[in-house]
Amino acid sequence: MTRFSFDLHATDGAARTGTIHTPRGDIRTPAFMPVGTAATVKATLPESVRATGADILLGNTYHLMLRPTAERIDRLGGLHGFMNWDRPILTDSGGFQVMSLADLRKLTERGVTFKSHIDGSRHEITPERSMEIQRLLGSDIVMCFDECPALPADRDRIASSMRLSMRWAARSKDAFGDRPGHALFGIQQGGLEPDLREESAKALVDIGFDGYAVGGLAVGEGQEAMFGVLDYAPAQLPADKPRYLMGVGKPDDIVGAVKRGIDMMDCVLPSRSGRTGQAFTRRGVVNIKNARHADDPRPLDESCSCPACTGYSRAYLHHVFRAGEMISGMLLTWHNLHYFQEIMQGMRDAIAAGRFAAWEADFHATRAEGDI
Ligand SMILES: CCNc1nc2cc3[nH]c(NC)nc3cc2c(=O)[nH]1
Ligand SMILES: [Zn+2]
């Protein structure tokens, strides 16, 4: 049985390319993970998600524990069969979304109690409960239960929150147990403070994890501050384990993160913006609802091989968006996921060939500012 392992194939500066081996398949890194929040990547069939080049997708513990519940998914055989995706799944641990989505939250040393945003029922997530939920879901990569403080926050708040998350990381590891073929990732906290991030990294390495996430970012600090942290934080984490940056991001965020040593990322942007009529292309963003596209016979991107670009004109995509037709979200989501995976493939190839700098220069040169 394949256990969980990470092979590094090449590095170029701080950028790396490799393969994460799991019992359910390999993950080529740097990897972008489409977000399948409620057991679906919205508006996209699993086989379409695979066709865009995704090796792994993400599921959300907070949503699934509320509806249909982890116990029901377990009774039905687990999340993979339930959503018809037999490749790797990473599940988050619920804490971040409880704090951003739930009502009446109460955070204590034990964990978080909250009221469901769906039906007002009361729930509790602790490190132990989060590990149980993710086990019931059957996910291949499990995330520690942590607390992600909203920025801006003062240093004391950041320090006490990080130290709570480190205690929760130890409890997560204890509750996770020994599960060959499944991985547990720790999450570094510490805000924008290099010394607190160093303390967090050391605490996580002492506990020992199969991978390490850079947490507490993409929470409103802005790209410059995020890159400022990424200039040092990945190197504080073990080089022989995957490094995962949560919640990122726009294409240029992704490129900047890989440049600084990140191996995995996830973001709702390609799917969410696809539903709002935004298409990301190598030449910039197309807002398809704009009247200028109403008679345009060209595809979104002449050089894109996705179904939206090979089968439809901007005029058509403009029409179905304006008409509120479901195919609009389907096609733009497919295009965006395809484009994000093309960026990842381009970077994997460039790093392997030692020409990441040239690839990055070309990436930035072809992008017009703003709408095209
Ligand atoms: C795995 C659950 N824990 C956990 N999720 C996160 C999800 C994020 N999503 C974003 N921007 C969209 N930042 C994040 C930070 C964290 C974080 O620090 N921790
Ligand atoms: Zn396309």
Side-chain angles (χ1 to χ4, degrees), residues 33 35 37 48 51-53 58-63 90-101 112 125 127 130-131 133-134 139 141-151 153 158 161-162 164-166 168-169 172 184-191 197 200 204 209 211-223 226 229 233 244-250 253-254 257 264-270 272 274 279-283 286 288 298-314 317 330-343:
M33 299 184 279
V35 176
T37 297
S48 306
T52 66
L58 185 142
N60 287 130
T61 286
Y62 171 74
H63 288 273
L90 180 148
T91 48
D92 74 7
S93 52
F96 183 82
Q97 289 196 313
V98 163
M99 300 317 276
S100 53
L101 294 173
V112 180
I125 307 187
S130 179
M131 294 302 108
I133 289 170
Q134 296 179 74
S139 67
I141 300 179
V142 171
M143 299 304 294
C144 277
F145 186 69
D146 68 332
E147 206 239 332
C148 172
L151 293 183
I158 297 285
S161 172
M162 179 271 288
L164 172 64
S165 287
M166 296 305 101
W168 284 358
S172 297
L184 178 65
F185 279 23
I187 304 173
Q188 184 198 43
Q189 294 294 347
R197 287 218 168 254
S200 178
L204 294 176
F209 291 100
Y212 295 84
V214 179
L217 294 177
V219 286
E221 74 281 358
Q223 186 183 80
M226 180 175 78
V229 172
Y244 166 28
L245 176 60
M246 282 176 277
V248 173
K250 299 191 307 302
D253 295 332
I254 289 171
M264 301 163 69
M265 280 161 283
D266 81 274
C267 192
V268 295
L269 187 64
R272 182 174 294 170
F280 291 88
T281 78
R282 73 211 66 231
R283 291 179 40 248
V286 176
I288 201 64
R298 297 172 305 158
L300 284 173
D301 181 341
E302 286 89 349
S303 57
C304 180
S305 62
C306 90
C309 295
T310 53
Y312 304 90
S313 65
R314 289 179 181 212
L317 294 171
M330 292 165 64
L331 289 173
L332 287 183
T333 299
W334 192 321
H335 167 79
N336 284 342
L337 290 174
H338 177 100
Y339 175 57
F340 273 52
Q341 295 299 343
E342 263 200 356
I343 294 171

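Computed from a prediction, not measured in an experiment: that's the story for all the values here. Atoms within a ligand are numbered from 1 in the order they appear, just like the ligands themselves. In what follows, every heavy atom counts, from backbone to side chain, and hydrogens, waters and symmetry copies are set aside.
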Q | Minimum side-chain heavy-atom gap Thr61-Met143 below 4.5 Å | A | no
Q | Mutual orientation of the aromatic rings belonging to His335 and Tyr339 [parallel < 30°, tilted 30-60°, perpendicular > 60°] | A | parallel
Q: Give the atoms of ligand 1, by number and element, whose distance to some non-hydrogen atom of Gly215 is under 4.0 Å.
A: 18 (O)
Q) For Asp92 and ligand 1, does the shortest N/O to N/O distance drop below 3.5 Å? A) no
Q | More than 12 heavy atoms from other groups under 6.0 Å of CZ on Arg282 | A | yes
Q. Among protein heavy atoms, which lies nearest atom 16 (C) of ligand 1, and at what distance?
A. Phe96 CD1, 3.6 Å
Q: Consider only side-chain N and O atoms of Asp92 and Tyr62, and report whether a donor and an acceptor are under 3.5 Å apart.
A: no
Q: With heavy atoms only and a cut-off of under 4.0 Å, state how Leu217 meets ligand 1: side chain, backbone, both or neither.
A: backbone
Q) What about Ala218: any of its N or O atoms under 3.5 Å from an N or O on ligand 1? A) yes
Q) Can you find an N or O of Gly216 that's nearer than 3.5 Å to an N or O of ligand 1? A) yes
**Q.** Number of protein N, O or S atoms [distance to the Zn ion (ligand 2) under 2.8 Å]
**A.** 4
(Q) Quick test: of every protein heavy atom, which one is nearest to atom 2 (C) of ligand 1, and how far off is it to 0.1 Å? (A) Ser93 OG, 3.3 Å
(Q) Checking side-chain polar atoms at under 3.5 Å, does Ser161 have a donor or acceptor matched by the opposite partner on Glu147? (A) yes
Q | Protein heavy atom at shortest distance from atom 19 (N) of ligand 1 | A | Asp146 OD2, 2.8 Å
**Q.** Met143 contact mode with ligand 1 (heavy-atom cut-off under 4.0 Å)
**A.** side chain
Q.
Below 4.0 Å from ligand 1: does a non-hydrogen atom of Gln97 turn up there or not?
A. no
Q | Any Gly95 heavy atom less than 4.0 Å from ligand 1 | A | no
Q) Who pairs with Phe185 by ring-ring contact (aromatic ring centres under 6.0 Å, His included), at least two apart in sequence or on another chain? A) none
